[in-house]
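Note sheet for the following structure.
In each ligand, atom 1 is the first atom listed, and ligand 1 is the first ligand listed.
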Amino acid sequence: MTAKLNLLGLPWPALTDFFSELGQPQYRAKQLMEWIYQHNVSDFRQMTNFPLTLRQTLEEKAIIGAGEVVARQEASDGTIKLAIRFCDDRIVECVILHYHHGVTLCLSSQVGCKMGCAFCASGLDGFVANLTAAEIVEQIWHANRALSSQSLRVGHLVYMGMGEPLDNYHNVIDSIRFANNPAAFNIGMRNITLSTSGLVPGIKQLAQENLPLTLSISLHAPVDYLRDQIMPINRRYPLPQLMEAVRDYVKTTRRRVTFEYILLAGFNDQLIHAEKLASLLAGILANVNVIPYNEVPGLPWRAPSDKQVRLFVRLLEDRGINVTVRRELGPEIEAACGQLRRRLQRGE
Ligand code: SAH
Ligand code: SF4
């Protein structure tokens with residue numbers, strides 16, 4: 001028996017091919033997409049506008065979704081974290097966040113991460129695998145299913161879960177286009193943020209894609225000697241190269257970029273660092289997202305005091321920089337990247 005075809009995340013041409021091989025007209029493919037993406041249906045038997053024989057054939061030959069939700073945690077603020085297991089025991093997680101502007105899904109692009117940032121849980125166990133485009137968008141589908149009882153849908157995506165999206169470039173770009181497709185998840189490009197630790201060739205390539213998404217750069221230190229200590233990628237693409245790529249990106253896309261800056265107590269959270277950050281970003285069309293560190297068990301880094309966060313932010317504002325402090329959602333369910341999966345895989 002040949003393996004069943006997973007129809008979730010299948011691009012339109014492949015889906016129409018599949019239906020024509022079954023001797024079915026194209027509009028069936030359109031109807032199927034409505035069932036999957038508008039109604040979140042996984043069971044062919046529920047597809048009541050399909051003839052019974054077609055429903056049976058589909059059941060024999062196809063499936064909807066390759067992953068299974070193996071854990072679901074909900075925090076008091078409504079944040080929901082899902083762990084999804086794909087084949088070969090590859091577990092990824094995504095986090096549903098409720099903001100005033102709607103529901104945001106933080107999704108994963110890889111299992112593990114190669115980048116090895118010193119403060120991050122995702123890199124601790126190294127790299128396991130790239131997710132396929134279908135596996136990336138399947139996270140949106142599971143999130144929509146989890147939200148359906150509240151009649152909500154994912155409206156924004158942030159590629160800030162596990163993995164480095166630009167290290168899985170083509171699958172991530174395909175997943176973005178798929179998520180944006182009105183017949184699929186219909187998520188506006190302007191509602192999509194891609195976060196990177198600073199892979200310069202990927203940033204250059206992304207600038208040419210003509211996608212009006214938001215690029216977010218995980219900066220976390222304003223000078224090379226500090227950034228080198230926490231982000232190994234900085235030794236390959238140091239700040240002068242990274243900043244040049246970002247300037248070019250802004251010039252080509254005319255889009256404002258975001259810089260993420262985690263405050264690690266005593267390491268990069270002093271006023272001198274804020275001052276250097278302000279000089280580094282002078283003249284760039286940018287927002288800065290200041291993130292008080294989310295402590296990771298087993299790692300030595302500590303969160304800054306609220307007072308230090310305020311002082312840091314005020315200095316940046318005094319230098320004319322657009323700053324927001326990222327509100328921490330779902331802290332009691334470890335909504336920071338990588339933590340749930342680690343616990344599941346350690347079998348705790
Ligand atoms: N690999 C990409 C995207 C995933 S990480 C990147 O690094 O940009 C998403 C964001 O979460 C990054 O800015 C990352 O530095 C940050 N992050 C990682 N661990 C964190 C932690 N424990 N507390 C707060 N932010 C963290
Ligand atoms: Fe990877 Fe991003 Fe974590 Fe760095 S911060 S290890 S790039 S997921």
Notebook entry, point to check: Short list, please: which atoms of ligand 2 are under 4.0 Å from a heavy atom of Ser197?
Noted result: 7 (S)

Notebook entry, point to check: What distance do Ile284 atom CD1 and Arg247 atom CZ have between them, rounded to the nearest 0.5 Å?
Noted result: 4.0 Å

Check: For ligand 1, which atoms have a heavy atom of Val296 less than 4.0 angstrom away?
Finding: 22 (N)

Notebook entry, point to check: Phe312 and Tyr261: ring pair (Phe, Tyr, Trp, His ring centres under 6.0 Å), yes or no, with the steps?
Noted result: CA-CA 11 Å; Phe312 196 92; Tyr261 193 101; 5.1 Å; yes

Check: Charged N to carboxylate O under 4.0 angstrom, Asp89 versus Arg85?
Finding: yes

Check: With atoms numbered from 1 as shown, which atoms in ligand 1 lie under 4.0 angstrom from a non-hydrogen atom of Ser197?
Finding: 6 (C), 7 (O), 8 (O)

Item checked: Value rounded to 0.5 Å, distance of NE2 in His39 from CG in Asn144 -> 12.5 Å

Note to self: Which of the numbered atoms in ligand 2 are under 4.0 angstrom from any heavy atom belonging to Met115?
What the structure shows: 1 (Fe), 7 (S)

Note to self: If you define the side chain from C-beta out and look only at heavy atoms, does anything of Arg177 sit under 4.5 Å from Asn181?
What the structure shows: no

Note to self: Nearest non-hydrogen contact with atom 5 (S) of ligand 1 belongs to which option: Met160, Met162, Met115, Glu164?
What the structure shows: Met160

Notebook entry, point to check: What is the distance from atom CD of Glu244 to atom NZ of Lys204, rounded to the nearest 0.5 Å?
Noted result: 6.0 Å

Next item on the list: Go through ligand 1 atom by atom and flag the ones less than 4.0 Å from a non-hydrogen atom of Asn294.
Entry: 21 (C), 22 (N), 23 (N), 24 (C)

Check: What atoms of ligand 1 come closer than 4.0 angstrom to any heavy atom of Thr196?
Finding: 6 (C), 8 (O)

Item checked: Criterion side chain to side chain donor-acceptor pair (under 3.5 Å) against Trp35, the qualifying member of Asn40, Thr48, Asn49 -> Asn49

Next item on the list: Heavy-atom distances under 4.0 Å are what count here, so tell me which part of His220 touches ligand 1: side chain, backbone, both or neither.
Entry: side chain

Notebook entry, point to check: Is it the side chain (CB and beyond), the backbone, both or neither of Cys117 that lies under 4.0 Å from ligand 2, heavy atoms counted?
Noted result: both

Next item on the list: Assess Gly163 for proximity to ligand 1: is some non-hydrogen atom of it under 4.0 Å away?
Entry: yes

Note to self: Any nitrogen or oxygen of Ser218 lying under 3.5 Å from a nitrogen or oxygen in ligand 1? Just yes or no.
What the structure shows: yes

Notebook entry, point to check: If you measure every N/O of Tyr159 against every N/O of ligand 1, is any gap under 3.5 Å?
Noted result: no

Notebook entry, point to check: How does Ile262 reach ligand 1, by side chain, by backbone, by both or by neither, if only non-hydrogen atoms under 4.0 Å count?
Noted result: side chain

Check: So, Arg319 and Glu275, do they make that salt bridge, N to O below 4.0 Å?
Finding: yes

Item checked: CZ (Arg314) with more than 12 external heavy atoms under 6.0 Å -> no

Note to self: For the aromatic rings, using the six-membered ring if either is Trp, is the centroid distance between Tyr99 and His156 under 6.0 Å?
What the structure shows: no

Item checked: Per-atom contacts of ligand 2 with Cys113, taking only distances under 4.0 Å to non-hydrogen atoms -> 1 (Fe), 6 (S), 7 (S), 8 (S)

Margin query: If only side-chain N and O atoms count, and only distance matters, is there a donor-acceptor pair under 3.5 Å linking Thr196 with Glu164?
Written below: yes

Check: Under 4.0 Å from ligand 1, counting heavy atoms only, is it the side chain of Glu260, its backbone, both or neither?
Finding: side chain

Note to self: Under 3.5 Å between any N/O of Gly161 and any N/O of ligand 1: does that happen in this structure?
What the structure shows: no

Margin query: Please confirm whether Gly163 approaches ligand 2 to less than 4.0 Å, judged on its heavy atoms.
Written below: yes

